[in-house]
Amino acid sequence: MADDGGRDEAQEPVDEEEIVRTLARELEDSFIAFLHDEIGFDDLTFEAFDTLQAVHAVRTGSYSVEYVDDESPTEMQENLAQEPARTGPQGKRGGSRRG
């Protein structure tokens, strides 16, 4: 691999672009959730600001990549115990987002 000025693989431009694209997709989901009255304007504002901070961190190289498991602790325990996952209303896990 060519000398990249001391940047490690986690900070390669291609990886940075993918991180920013993921952040943009997540923000898009928040806009759609706001449109459908699933989240409030205050939550949308916070998520937009949080996304801008994350993009700035990627741009400046002051970030670290953390992998998050989307599985809830209950689902994780059920998978470990090999029990069927519980379903909420309408057969969806965890019920609806609107309360």
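Side-chain atoms are counted along with the backbone in the values below, which use heavy atoms only and exclude waters and symmetry mates.
Sparse packing is recorded around CZ of Arg21, with 12 or fewer heavy atoms of other residues, nucleotides or ligands lying under 6.0 Å away.
Applying the salt bridge (charged side-chain N to carboxylate O under 4.0 Å, His left out) test to Glu26 and every residue at least two apart in sequence or in another chain returns nothing. Residues satisfying the side-chain hydrogen bond (donor to acceptor under 3.5 Å, both in side chains) criterion with Thr45, sequence neighbours excluded, are absent altogether.
When all heavy atoms are compared, the tightest approach of Ala54 to Leu23 is CB-CD1, 3.7 Å.
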Start with the C-alpha gap between Ile32 and His36, add the side-chain angles, then the distance that decides, and say whether side-chain contact (heavy atoms from CB on, under 4.5 Å) holds. CA-CA 6 Å; Ile32 299 301; His36 294 291; 3.4 Å; yes
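Atom-to-atom distance recorded for Asp29:CG and Glu47:CD is 9.5 Å, nearest 0.5 angstrom. Between the CZ atom in Arg25 and the OG atom in Ser30 there is a gap of 13.5 Å [rounded to 0.5 Å].
Residues Glu18 and Thr22 are in side-chain contact: their nearest non-hydrogen atoms beyond the backbone lie under 4.5 Å apart.
Placement of Phe41 and Phe31 within a single hydrophobic cluster is found when ILVMFWY residues are connected by side-chain heavy-atom separations under 4.5 Å, directly or transitively.
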